[in-house]
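Predicted model, so just to flag it, every value in this text is computed and none were measured.
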Amino acid sequence: MDATELVYAGIARQAEVIADGEVSSRELVELYLERIARLDARLNAFRVVWGERAREEADDADRRRAAGERGRLLGVPIAIKDVSDVAGDVTTFGTGGFERPAQTDSEIVARLRAASAVLIGKANLPELAIYGFTESRTWGATRNPWNPGRTPGGSSGGSGVAVAAGLVGVATGSDGAGSIRIPAANCGIFGLKPQRGRISLAPLSEHWHGMSVNGCLTRTVRDTALFLDATAGGAPGDADSPPAPDRPFLEAAAHPPGRLRIAFSSRPPRLVVPAIVDDSVREAVDGTARLLRSLGHDVREHDPDYGLIGNGVAALYLRGIHDDVRAVPRPELLEARTRGFGRLGALVTPGGLRRERTATPKRAARVNRVFEQHDVLLVPTVGRPPVEIARWEGRGALRILVGMSRVYPFTGAWNYTGQPAAAVPAGFTADGLPLSVQLVGRPNDEATLLSVAAQIEAERPWADRLPQLD
C-alpha cells in the first residue's frame with residue numbers, strides 16, 4: 001500500500017493494517033502531519049495540530065500493539081471538531097470568545113481515547129456552529145478541496161475538508177441542522193447524523209433544545225459504522241437515550257438490507273421564501289432512485305407531508321443560538337452577524353420555546369407518516385452544489401438565515417424529528433463539484449441506512465475519486 005492509498009484508505013482499513021503490523025501508527029501519523037504541513041495553509045481545515053503529542057500517542061499505540069493489545073481504533077489518527085473538549089486545550093467553538101482550557105475530555109473524546117485512537121488536532125468551524133459555511137473572523141475561511149473558491153459547507157466544514165483532502169481518515173462532527181451532512185455533501189464523502197442521543201453530548205445533556213447530535217465524517221460507510229461502534233451509548237444526565245442496536249453497526253453495514261420500500265422526493269419543506277433545488281440535484285436523486293430500483297427495491301416517488309416543520313426547526317435553532325451567545329465569556333469578540341443571530345433567537349421567548357417543544361411530537365409524527373408505507377426516504381442533502389466562499393459576507397443575520405434556508409432546506413427537519421439521516425455521495429457536476437443524496441430512516445434505525453448506503457457504495461463507488469491537490 002503506497003502513501004496515497006494509505007492516507008485515503010479510511011479508518012476501517014487503517015485499523016486493520018496497523019493491527020496486522022503492516023504499517024505502524026507512527027508511520028501513518030507522520031504521513032498525515034506531512035500532508036497537513038504541505039496542504040492545510042491553502043485549505044484551513046485545522047485550528048490546531050498536535051504534532052508532538054500525536055507522535056507520542058502513536059508510539060505508545062505501537063508499543064501496545066507489539067505487546068498484543070487490541071482496540072477498535074488502536075493507533076488510528078482522528079481529528080476533533082472544535083466543539084468537543086480535549087483536556088488542556090481551549091474549545092473555541094469557532095470564536096475568539098473562549099480562553100480557558102478544558103479541564104477534562106468530553107464524553108466522545110474519552111470514548112475515542114478508550115478505543116485507542118490518536119488525536120491529531122482540532123478542526124475548524126464557523127462561530128458557535130451556526131452557519132452552513134466555515135468562515136470566521138478569528139480563524140479564517142476553510143476551503144473546499146474540490147474547488148478552493150467554494151465552501152465546504154458547515155458547520156463541520158474543517159472536519160469535512162480534513163477527510164476529503166486526505167489529511168486524516170475520520171473527523172468528529174456535530175449536527176444541529178445539517179452540520180455533518182452539508183459538509184459531507186459538499187466534500188464528496190459520507191456523513192451520518194445518528195439518532196438523537198446515540199452518541200452522548202456530555203458534559204451537555206442536550207444542545208439546541210434537542211436538535212444537536214454528535215457523529216463523524218468519513219470516506220466510507222464502513223468507517224462510520226466502526227466509529228459508531230466505538231462511540232455509541234449514553235452517559236449519566238443525557239436527555240435522550242435511544243435503545244441499543246440489535247447488532248454492531250459494522251455488521252449492519254456488511255449485510256444487504258433485503259428488499260426495501262423506498263420513497264423518493266425532491267420537494268423541499270415549505271419556507272418563507274422558495275427553496276433552491278438545482279437540476280443537477282434533482283437528477284442525483286432520480287439517478288439514485290433508478291439505481292436502488294435496479295437493486296430490487298420497491299422505489300416510488302412520494303412527497304413527505306412536512307407541514308410547517310420549518311417553523312419548529314427555526315424556533316429551536318434560533319433559541320439555541322441565543323442561549324449559546326449568552327454563554328460566551330467574551331461576547332464582545334463575536335462577529336456582528338453572530339450577535340444578530342442571538343438577537344433573532346431572543347424573539348423565541350421561554351414560553352414560546354415550551355410550546356414548540358410540546359408541539360414537536362405531533363409535528364414529527366406528521367412527517368413520519370411517510371414511514372408507514374416506506375422503509376427509507378430518499379431526498380436531496382443540499383439544494384445546490386457548493387456555493388462560493390464569502391457568499392454571505394457582510395450580510396445581516398436575517399438575510400443569512402433566509403439565504404441558508406434556501407440553499408440547505410432538506411436537513412433541519414430530521415434534527416427536529418431526531419431520527420437518523422445520511423449524506424451519500426452521488427457523483428459530480430459537469431464542472432467537478434460533488435453531488436449528494438440524503439437517506440432518512442425510521443427512528444433508531446441507523447442499521448438500515450448503513451446497509452443500503454453500503455449497497456449504493458458498492459454499485460457506485462466514490463472513495464477512489466480524489467481532489468487534485470498536489
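Within the structure, side-chain hydrogen bond (donor to acceptor under 3.5 Å, both in side chains) pairs that include any residue of residues 173-184 comprise Lys81-Ser174, Ser155-Ser179, Asp175-Arg181, Asp175-Asn415, Arg181-Asn415, Arg181-Gln438 (at least two apart or interchain). The salt bridge (charged side-chain N to carboxylate O under 4.0 Å, His left out) contacts involving residues 209-221 comprise nothing, where partners must be two or more places apart or lie in separate chains. Sorted by first and then second residue, the salt bridge (charged side-chain N to carboxylate O under 4.0 Å, His left out) pairs with a member in residues 223-233 form an empty list; sequence neighbours excluded. Evaluation of the salt bridge (charged side-chain N to carboxylate O under 4.0 Å, His left out) test over residues 320-329, restricted to residues two or more places apart or in two chains, returns Arg319-Asp323.
Residues meeting the side chain to side chain donor-acceptor pair (under 3.5 Å) test with Glu206, sequence neighbours left out: Arg357. With sequence neighbours excluded, the residues forming a salt bridge (charged side-chain N to carboxylate O under 4.0 Å, His left out) with Arg198 are Glu446, listed by chain and number. For the salt bridge (charged side-chain N to carboxylate O under 4.0 Å, His left out) test, no residue two or more places apart in sequence or in another chain qualifies with Arg465. Contacts of Arg293 classified as side-chain contact (heavy atoms from CB on, under 4.5 Å), with partners at least two apart in sequence or in another chain: Phe264, Arg290, Val299. Scored by the salt bridge (charged side-chain N to carboxylate O under 4.0 Å, His left out) test, Asp375 finds Arg261, Arg442 as partners (sequence neighbours excluded). In this view, Arg391 and Glu388 satisfy the salt bridge (charged side-chain N to carboxylate O under 4.0 Å, His left out) rule, not counting sequence neighbours.
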Contacts under 3.5 angstrom, residues 234-241 side chains, donor-acceptor by atom type, not counting sequence neighbours:
| from | atom 1 | to | atom 2 | distance (Å) |
| --- | --- | --- | --- | --- |
| Asp238 | OD1 | Ser200 | OG | 3.0 |
| Asp238 | OD2 | Ser200 | OG | 3.2 |
| Asp238 | OD2 | Ala235 | N | 2.8 |

Please list every donor-acceptor pair under 3.5 Å in which a side-chain atom of residues 247-256 meets a protein atom from a residue at least two apart or in another chain.
| from | atom 1 | to | atom 2 | distance (Å) |
| --- | --- | --- | --- | --- |
| His255 | ND1 | Glu251 | O | 2.7 |

